[in-house]
Asker: 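Quick one: structure below, then a few questions.
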Amino acid sequence: MQQPAVNIMVKAARAGGNILLRHMHRLDALNVVEKDRMDYASEVDRLAEVAVVKELRRAYPEYAVLGEEGGEQKGSRGASRYTWVIDPLDGTSNYLHGYPHWCVSIALCEGPEPVHGVVFDPLRNELFTASRGSGAQLNDKRIRVVERKDLAGATVATCFHPRERGRLAAQFDCLRQVMSVAEDVRRGGSAALDLAYVAAGRSDAYFEAGVQAWDIAAGMLLVREAGGKVTDYRGAAIGPVHVAMQGRQIIAGNVRIADALQKTIAASGYAAAF
Ligand code: LIP
């Protein structure tokens with residue numbers, strides 16, 4: 001049975017998703033701002049976040065919020081042990097180009113750790129959910145990471161984040177090593193969906209640098225609850241995801257592939273570039 005908090009998160013994700021769907025045929029009319037170099041947000045990101053926060057706050061007013069658009073907000077009683085970590089539109093660039101691959105991502109963190117996660121893809125009506133210790137699901141069916149034993153023949157998702165252009169040479173060296181054994185590389189443009197797809201066994205692994213808490217908080221729980229492993233480029237645990245923190249790195253996959261990918265990232269010199 002789904003936890004009450006997850007039901008609220010699903011309701012909130014659907015509310016945000018409806019706003020995104022409603023605006024996607026009016027892209028030309030959207031106000032778009034460049035938050036950082038080649039990092040865009042539109043008024044739809046903000047509207048979707050308002051809708052998501054409204055649903056969550058209606059049920060749990062005392063919880064804190066960390067949203068991509070609204071930043072950090074305290075709960076109704078001040079500081080809280082629980083934080084909603086929200087990306088109302090993960091894959092904004094895809095959305096603004098009309099490229100149909102984006103989602104809503106919501107995690108509930110207890111202290112630094114995600115305890116519930118929801119990633120919702122409104123275009124495919126795919127709902128990924130996970131709760132700590134209770135497994136991960138896609139549209140209520142249990143999902144698991146792949147059983148592949150190593151990187152040989154694997155499909156690996158990654159990203160070329162605009163903020164990471166200074167490390168592009170090291171990233172390409174690393175990719176050359178990955179590609180010498182892997183079948184192929186994917187660049188989907190939504191970290192939350194990249195993680196959800198690893199959890200669902202649709203891709204074998206994923207790595208990216210420059211992600212923010214809201215990009216990965218729900219997805220990393222999905223991967224763990226689907227039997228996978230999530231680390232940074234040095235093989236260490238990801239830091240607290242209830243706070244905004246620049247420049248995180250993430251590796252996700254089944255235990256063996258995550259370890260193999262981490263070793264490749266280290267051996268190529270890419271991990272040392274941070
Ligand atoms: C996006 C990430 C994506 C990354 C983009 C961006 P946003 O998040 O999920 O993987 O490559 O550059 O950070 O900004 O669409 O929420």
Side-chain angles (χ1 to χ4, degrees), residues 5-6 8-9 12-13 16 33 35-37 39-41 45-46 48-50 52-57 59-92 103-119 128 130-133 159 161-164 167 190-196 206-225 229-252 271 274:
V6 177
I8 301 295
M9 292 162 79
V33 289
K35 295 192 290 186
D36 202 349
R37 190 175 158 265
D39 184 7
Y40 301 96
D45 297 62
R46 195 184 51 75
E49 185 165 310
V50 168
V52 168
V53 171
K54 192 171 158 198
E55 287 297 338
L56 299 174
R57 280 254 149 108
Y60 297 91
E62 67 279 18
Y63 290 2
V65 172
L66 173 63
E68 174 163 20
E69 308 310 322
E72 293 179 78
Q73 298 163 52
K74 286 194 170 135
S76 57
R77 294 190 212 140
S80 171
R81 217 153 58 96
Y82 293 96
T83 309
W84 299 112
V85 180
I86 302 160
D87 192 337
L89 172 53
D90 187 58
T92 303
C103 66
V104 182
S105 174
I106 306 172
L108 178 62
C109 289
E110 182 178 4
E113 286 292 327
V115 287
H116 301 299
V118 167
V119 171
F128 299 86
S131 293
R132 193 167 60 185
C159 153
H161 202 288
R163 275 193 299 271
E164 289 293 318
R167 284 183 271 256
S190 162
L193 285 177
D194 285 336
L195 286 161
Y206 158 68
F207 72 108
E208 175 169 353
V211 281
Q212 307 272 7
W214 42 78
D215 297 320
I216 58 168
M220 62 190 258
L221 184 67
L222 284 168
V223 172
R224 283 184 189 149
E225 290 299 324
K229 182 173 174 180
V230 179
T231 70
D232 68 12
Y233 283 2
R234 292 177 191 273
I238 305 273
V241 282
H242 65 317
V243 289
M245 215 166 94
Q246 290 282 344
R248 291 169 195 266
Q249 314 127 31
I250 184 166
I251 298 172
F274 291 87

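Each residue takes its place number in the sequence, starting with 1. Here the structure is a predicted model, which is why all the values come from computation and not from measurement.
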Asker: Do side-chain atoms of Glu72 reach the backbone of Ala244 as a donor and acceptor pair under 3.5 angstrom?
Answerer: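 Not confirmed, Glu72 side chain does not pair with Ala244 backbone.
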Asker: Of Val230, Thr231, Ile238, which is the lone residue that meets side chain to side chain contact (heavy atoms under 4.5 Å, CB included) with Ile251?
Answerer: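 So the option named by the test is Thr231.
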Asker: Compare all side-chain heavy atoms of Val65 with those of Leu56 and state whether any distance is below 4.5 angstrom.
Answerer: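 When only atoms from C-beta onward are counted, Leu56 and Val65 do not touch, as no gap falls below 4.5 Å.
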Asker: Hey, are Glu225 and Arg132 close enough for a salt bridge, meaning a charged N less than 4.0 Å from a carboxylate O?
Answerer: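 Not counted as a salt bridge, because no side-chain N and carboxylate O are separated by less than 4.0 Å.
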Asker: Just by modelled atom types, is the Pro61 backbone N or O under 3.5 Å from a matching donor or acceptor in the Ser76 side chain?
Answerer: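 Here the side-chain-to-backbone pair exists.
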Asker: Please check if the distance between the ring centroids of Phe274 and Tyr233 is under 6.0 Å.
Answerer: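 Centroid distance Phe274-Tyr233: below 6.0 Å, so yes.
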Asker: State, to 0.1 Å, how close Thr83 and Leu66 come at their nearest heavy-atom pair, and which atoms those are.
Answerer: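 For Thr83 and Leu66, the tightest heavy-atom pair comes out as CG2-N, 3.8 Å.
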Asker: For His161 and Cys159, work out which heavy atoms get closest and say how close.
Answerer: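 Residues His161 and Cys159, closest heavy atoms: N-SG, 3.4 Å.
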Asker: I need the minimum non-hydrogen distance between Ala196 and Val119, along with the two atoms involved.
Answerer: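 Minimum heavy-atom contact is CB-CG1, 4.3 Å.
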Asker: Could you list the residues that satisfy side-chain hydrogen bond (donor to acceptor under 3.5 Å, both in side chains) with Ser190, not counting sequence neighbours?
Answerer: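 Per chain and number, Ser190 pairs via side-chain hydrogen bond (donor to acceptor under 3.5 Å, both in side chains) with Asp90.
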Asker: Find the distance between OH (Tyr82) and NE2 (His116) and round it off to the nearest 0.5 Å.
Answerer: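 Those atoms lie 8.0 Å apart.
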Asker: First locate atom CE of Met9, then atom CD of Glu55, and finally report the distance between them rounded to the nearest 0.5 Å.
Answerer: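 Nearest 0.5 Å value for the CE-CD distance: 13.0 Å.
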Asker: Within this structure, what is the CD1-CZ distance for the pair Ile250 and Arg248, rounded to the nearest 0.5 Å?
Answerer: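 If I round to the nearest 0.5 Å, the distance is 9.0 Å.
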Asker: Looking only at heavy atoms, which two atoms of Asp232 and Ala237 are closest? And how far apart?
Answerer: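 Heavy-atom minimum between the residues: OD2-O, 4.2 Å.
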Asker: Once you round to the nearest 0.5 Å, how far does CG of Asp87 lie from CG of Leu89?
Answerer: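 It is 7.0 Å, given to the nearest 0.5 Å.
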Asker: Quick one: CZ on Arg46 to CD on Glu69, what's the gap to the nearest 0.5 Å?
Answerer: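 Result: 9.0 Å between the selected atoms.
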Asker: What's the spacing between Arg234 CZ and Gln249 CD if we round to 0.5 Å?
Answerer: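 Going from CZ on Arg234 over to CD on Gln249, the span is 7.5 Å.
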Asker: Mind running side-chain contact (heavy atoms from CB on, under 4.5 Å) on Val241 and Val85 for me, showing each step along the way?
Answerer: CA-CA 8 Å; Val241 282; Val85 180; 5.6 Å; no
Asker: Can you see which heavy atom on Pro240 is nearest to which on Val243, and at what distance?
Answerer: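 What the structure gives for the nearest pair is O-CG2, 3.7 Å.
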Asker: Distance-only criterion, 3.5 Å: show the donor-acceptor pairs between side-chain atoms of residues 207-222 and protein atoms not counting sequence neighbours.
Answerer:
from: Glu208; atom 1: OE1; to: Tyr206; atom 2: OH; distance (Å): 2.5
from: Asp215; atom 1: OD2; to: Gln212; atom 2: N; distance (Å): 2.9

